[in-house]
> 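Below you will find the structure I want to go over with you.
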Amino acid sequence: MSKLTDQKDLSSLSSNHKSKKKNGLMRNDDNDSGDDLVKGTLDIEYEEDELEKDWSEVIKLNKKNLQMIIPKRGEKDYEPDGTDIQELLLYKARKAMFDALSNSVRGTTVKHQVKAVYDFDKHKALVLNPKGAFLQTMGHITNNGEFWLDFMEFLYLAERGTITPYCLKSNSMNLNQLLPSIDDHNLLPLSIEDIYAFFKTQREIDEFSVYSHLKRLGFIITKVEDDDNDNNKITFSPKVGPFKSICGYQLHSLFKQITSLFVSHKNNLFNGLFYNPSHYKYIKYTSTPQIYNNLKLLIPHVEVPKTLLELQHRKQSYLLNKNKNHSNNPLKLTFNVWKPQTNYKKKIPELPDYQIVVYNKNDNKQHFPTNDDLKNIFDSLNYKFEFLDKSKKNAGTINWDDHSYINGIPRSAILSKNQKKKITNSQSETINNIKEEKRKTLRKQPSSSVSSSTPAHIKQIKRLKNGYRSFILAVMDNGIISFIKISEADFGSEDVWYVPTVQAKKIKKPQYQYKKRNIMKQSNTDQKV
Amino acid sequence: MAKHNSRLNNVRYKYPLPIHPVETTLPLPELLPHNPFSWIYWFYKYYRLVYSNNEDNLLETKITIDVIGGDSFPHIMVRDKNDMLYLWENGFFGTGTLSRSEPTWYTRMNQIVNGDITLNTGDINELEQITRRRRLERLEFKKLREKLQMELLELKKQSALSGSDIDSNGGLDETESLKRINDLLLKQREQLRDFKALQESYNKQNIGIHDNVMDNLKFDYESLLDENGDLLSLESLELMPVEATFLSFALPVLNITPRELFRKILPNNDNSSYDTVHSFIIHYVAYHFYRSHGWCVRSGIKFGCDYLLYKRGPPFHHAEFCINVMDNDPLYYRSNKNMHDYTWYSRISRVIGGAKKTLILSYVTRQTTKKQIMEWWIKGQYHKVFNSYEISEIIYKRWVPGRNRD
């Protein structure tokens with residue numbers, strides 16, 4: 001299909017966009033009359049990441065200014081209309097794409113080449129002279145100063161052309177022994193196909209698909225390590241001594257058991273009375289909420305943790321019971337994901353923005369998570385619980401640096417310690433940090449100011465729609481990835497029944513009219529009968 | 001107009017439940033927590049106001065239902081015209097068999113037969129009429145769009161022709177014709193948008209597109225009238241089994257005991273085993289749960305799920321949530337046959353996402369043994385049965401990485 005790209009065209013798109021928003025407000029009036037114009041913009045809005053770039057502009061960018069953003073293409077024609085002009089546009093668009101690809105510079109200059117050597121035993125790759133932007137977010141450094149890439153990182157960077165992949169010429173050679181005198185004679189260059197052959201399991205291939213997809217979109221990703229080697233891992237719940245945590249947890253659960261017994265017993269007694277049809281003869285209700293409050297005692301619901309304290313409690317009890325729970329659940333957290341950012345610190349990262357579980361739809365050993373599986377995953381989560389920022393109990397936003405710990409020490413403490421060291425080194429760094437801080441607060445402010453002014457019932461709907469703890473499920477189906485956000489909901493803690501406002505109660509007039517009208521209606525029908 | 005409507009709605013649908021609170025006309029005196037005398041006075045007043053008159057929460061006469069269709073396909077019908085309206089206006093229960101949802105057949109027919117629209121001037125915007133009007137509007141819009149598209153195609157063809165003789169007579173060159181096409185496109189869009197706005201403004205002023213569908217309708221009215229020349233009420237209101245249960249078990253509205261109702265709507269209830277009641281119980285548990293927190297719960301079959309949740313009711317808001325009741329019985333989901341695979345989840349979620357609603361998976365878990373449940377069930381202690389199921393919920397939503405980067 002041909003593309004009509006033009007400055008005007010783009011502007012018309014954006015104005016279209018506005019009209020769509022207006023329509024959104026008036027949803028009550030035209031629900032099912034979404035015309036194609038509106039639909040078109042809706043698609044654009046929704047699938048922004050899937051929208052192609054306009055290749056005809058890419059060539060110009062290559063030569064001039066790489067900082068500029070590549071403009072989006074125009075709209076698609078609906079169908080081939082047989083006109084030459086459409087053919088011409090289509091041809092031009094296609095040619096532009098090929099030109100852009102064929103004119104680009106590829107390969108690396110020898111000076112900037114970074115070699116990485118794959119180690120068969122470790123299933124990792126050693127980078128010989130590490131340099132480049134990827135060092136900030138990928139790989140890890142051993143105690144003796146070697147820079148290692150995980151297999152996924154190795155393949156990803158090799159695919160991008162950032163590193164040149166090698167392996168040792170013969171298996172008998174040991175990488176560690178050769179290290180001081182390594183040169184091209186010992187090394188065998190690898191093709192991308194070769195590296196793909198090194199995948200160990202289907203699961204690893206699935207995980208790599210998700211990894212590279214998100215990585216290309218700019219996210220920062222690390223693998224979730226097992227909770228067992230807890231050290232040097234960032235967590236939102238500080239480690240408590242085993243004795244204290246066991247006591248705390250068991251006391252808590254005992255207390256819960258006793259109260260739940262009491263509550264359920266009381267409820268049964270109460271419900272027996274309430275659902276006896278004759279009880280309305282003895283008890284009179286003067287408002288509808290009274291009736292609702294009694295009705296809602298019948299069905300119990302699972303309480304969802306909503307505050308930081310409750311969340312920490314859940315996590316600790318999960319860690320204690322983990323060995324019991326661990327039985328045969330193949331689904332567990334796979335990736336930590338951070339939104340694209342420049343101030344990511346590899347050694348002491350913040351809590352991740354999302355956590356991802358990878359699940360292969362066609363693997364017979366796996367199944368779509370049941371409710372118990374989901375609960376298990378929710379309890380193991382360890383990320384920036386975004387709903388805490390919005391809840392009213394924690395007015396304003398949470399400073400996660402104060403509430404995330406590495407080896408029991410708050411991240412903010414570590415940061416300030418590091419900063420003190422750095423101040424002596426360079427002052428520009430701190431200025432940068434201050435700038436960063438300012439930017440952060442600026443970014444956060446609007447959200448907090450909005451939340452304070454929004455009316456309660458809109459906040460409630462937002463709570464219901466967004467839920468509480470959440471994770472991303474990446475479903476793999478023969479190489480196709482679908483992402484789903486799964487969150488805990490709690491409809492049991494929210495009541496939405498209509499309570500007439502005081503104003504409505506005071507104005508008795510319409511009510512009176514209504515009664516009158518009703519009587520009129522009845523009298524009318526009476527006459528007829 | 002909209003404001004007028006919403007006020008009428010507020011009056012018409014004043015009560016969210018068919019059991020009404022006792023009206024206290026006089027305000028209660030102030031209750032001062034630290035002053036015991038005020039308590040006594042308050043209770044005295046309360047007693048005087050609430051209990052001295054004979055009014056209570058119950059309906060004067062309970063609503064009678066018919067269960068037809070036998071064991072295999074029971075239908076729960078409300079026949080009385082006033083009862084039908086009562087159930088609709090007090091909690092939006094049931095669906096009119098000859099209407100979209102509110103039982104409006106009688107008033108619609110009355111308008112045609114008697115030309116009588118004086119009865120309910122406020123209700124001109126009945127759902128059926130709105131739908132009809134929207135369809136007509138949409139048709140007109142499509143016609144216009146088609147016309148404009150033809151114009152555009154014509155221009156494209158022309159410019160292609162002239163484009164081919166650039167060399168010979170130096171006619172329109174390519175950029176020139178492209179510009180013209182673009183200009184026309186923009187103009188047409190503007191035109192379509194204006195047309196749409198015009199339609200909407202008509203809508204607001206309530207100037208209907210004159211619908212001649214009803215005028216052309218000619219059939220034998222006589223068969224619809226009784227001997228006095230009055231319209232017969234042919235429509236009845238059908239209740240979902242869970243609705244009927246709510247109206248007999250939870251609120252004493254229907255003239256039937258829960259036990260009697262279950263005997264009629266559940267197959268083989270006499271030699272009942274747990275499996276025959278299981279599915280009904282978990283669906284009722286979910287229904288009651290959402291009803292009791294103030295939602296108006298209606299069937300979600302049109303969106304491929306179990307229930308739709310309306311805030312207050314269909315005339316007030318669009319349904320924002322779709323509930324799918326999930327069987328969380330371990331025996332049930334451990335057998336692979338019953339387990340839904342991802343395709344199933346993806347299907348409902350895309351349908352519901354397309355309607356801009358949020359999908360909630362509502363897991364219902366049994367907390368006691370099947371034997372215990374059946375014991376209570378047979379004894380008729382239904383509150384104990386329903387009380388031993390627990391609900392936990394999951395929000396299921398598609399996630400697009402590109403939209404969640406910052």
Side-chain angles (χ1 to χ4, degrees), chain A residues 4 6 8-9 12 19 27 29 33 35 37 48-49 81 83-85 214 217-218 267-268 271-272 275 277 280-281 284-288 291-292 295-296 298-302 339-340 361 367-368 370-371 374 465 467 472 475 483-489 491 495-498 510-511 514 528, chain B residues 7 11 15-17 19 21-22 24 50 56-58 134 138 141 153 156-157 159-160 182 186 189 192-193 203 230 249-250 252 285 288-289 292-295 311-312 328 333 339-342 345 358 360 363 383-384 386-387 390-403 405-406:
Chain A
L4 301 171
D6 186 314
K8 276 177 191 167
D9 210 329
S12 87
S19 77
R27 236 176 87 210
D29 301 344
S33 62
D35 58 286
L37 282 177
E48 216 159 338
D49 65 316
D81 55 11
T83 57
D84 292 345
I85 195 119
L214 291 176
L217 287 168
N267 271 356
N268 254 339
N271 285 328
Y275 292 101
Y280 283 96
K281 294 207 171 73
K284 295 184 182 186
Y285 297 95
T286 52
S287 75
T288 318
I291 304 176
Y292 269 125
L295 279 174
K296 78 176 186 187
L298 183 68
I299 314 290
H301 69 275
V302 175
K339 291 173 181 174
K361 168 185 182 303
H367 56 77
F368 193 87
T370 62
N371 194 24
L374 291 174
K465 279 192 168 172
I472 311 292
V475 184
F483 291 100
I484 306 151
K485 187 177 183 189
I486 292 187
S487 349
E488 280 181 311
F491 279 61
D495 299 323
V496 299
W497 57 68
Y498 171 65
Q511 192 183 323
Y514 168 65
K528 275 175 201 160
Chain B
R7 216 185 61 205
V11 173
Y15 299 107
L17 289 176
I19 292 286
V22 177
T24 51
V50 179
D56 62 20
N57 298 104
L58 294 171
R134 273 192 195 148
R138 182 113 184 86
F141 180 82
L153 186 66
K156 273 187 175 179
K157 275 181 185 159
S159 49
N182 247 338
L186 287 179
R189 278 200 188 142
L192 284 172
R193 224 171 286 148
N203 242 333
D230 281 329
F249 159 73
V285 163
H288 187 107
F289 178 71
S292 67
H293 283 94
W295 296 98
K311 228 177 158 187
R312 274 196 86 181
N328 201 31
Y333 69 68
M339 202 132 78
H340 298 301
D341 87 323
Y342 169 69
Y345 288 92
T358 307
I360 309 289
Y363 291 88
H383 62 275
K384 284 190 182 169
F386 298 132
N387 191 232
E390 193 180 44
I391 287 210
S392 68
E393 299 147 310
I394 296 295
I395 303 172
Y396 182 109
K397 203 183 266 167
R398 199 164 81 94
W399 191 74
V400 184
R403 296 188 76 208
R405 289 203 297 190
D406 37 36

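Keep in mind it's a predicted model, so treat the numbers as computed, not measured. Below, chains carry the letters A, B, ... as their sequence lines are ordered, and counting in each starts from 1.
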> Nearest 0.5 Å, what's the OH-CG distance between A:Tyr292 and B:Leu17?
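The distance works out to 4.0 Å.
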
> Which word best sums up how the rings of A:Phe483 and B:Trp399 line up, parallel for under 30°, tilted for 30 to 60°, or perpendicular for over 60°?
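Ring orientation of A:Phe483 relative to B:Trp399: perpendicular.
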
> Roughly how far, to the nearest 0.5 Å, is CD1 of A:Ile299 from CZ of B:Phe386?
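If I round to the nearest 0.5 Å, the distance is 7.5 Å.
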
> Against chain B, label A:Lys485 side chain, backbone, both or neither, depending on which of its atoms sit under 4.5 Å from a heavy atom there.
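Contact with chain B involves both backbone and side-chain atoms of A:Lys485.
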
> Where does A:Leu374 contact chain B at under 4.5 Å (heavy atoms): side chain, backbone, both or neither?
side chain

> Only pairs of heavy atoms separated by less than 4.5 Å count here; which of A:Gly467, A:Ser487, A:Ser287, A:Gly218 has the most with chain B?
A:Ser487

> Kindly compute the distance separating CG (A:Asp81) from CG (B:Leu153), expressed to the nearest 0.5 Å.
5.0 Å

> Decide yes or no for B:Tyr342 and A:Ile484: does some side-chain heavy atom of the first lie under 4.5 Å from some side-chain heavy atom of the second?
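A side-chain contact under 4.5 Å exists here.
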
> Select one option (side chain, backbone, both, neither) describing which atoms of A:Val496 are under 4.5 Å from chain B's heavy atoms.
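Looking at A:Val496, backbone and side chain both touch chain B.
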
> Against chain A, label B:Ile360 side chain, backbone, both or neither, depending on which of its atoms sit under 4.5 Å from a heavy atom there.
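The side chain, not the backbone.
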
> Identify which part of B:Lys397 has an atom lying under 4.5 Å from any heavy atom of chain A, answering side chain, backbone, both or neither.
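Its backbone and side chain both get close to chain A.
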
> From A:Leu295 CG over to B:Ile19 CD1, what is the distance, rounded to the nearest 0.5 angstrom?
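Spacing of CG (A:Leu295) from CD1 (B:Ile19) equals 9.5 Å.
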
> Against chain A, label B:Arg405 side chain, backbone, both or neither, depending on which of its atoms sit under 4.5 Å from a heavy atom there.
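B:Arg405 touches chain A through backbone and side-chain heavy atoms alike.
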
> For B:Gly402 versus A:Leu217, what's the shortest heavy-atom pair and its separation?
N-CD1, 4.4 Å

> May I ask you to test the B:Ile395-A:Lys465 pair for a side-chain heavy-atom distance under 4.5 Å?
no

> For a quick test of reading the model, state the closest non-hydrogen atom pair linking B:His383 to A:Leu298 and the distance between them.
O-CD1, 3.6 Å

> Side chain, backbone, both or neither: which part of A:Ile486 has a heavy atom under 4.5 Å from chain B?
both

> Between atom OG of B:Ser292 and atom CD1 of A:Ile291, what is the distance when rounded to the nearest 0.5 Å?
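Spacing of OG (B:Ser292) from CD1 (A:Ile291) equals 13.0 Å.
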
> Any idea how A:His301 and B:Phe289 line up, ring-wise: parallel (<30°), tilted (30 to 60°), or perpendicular (>60°)?
tilted

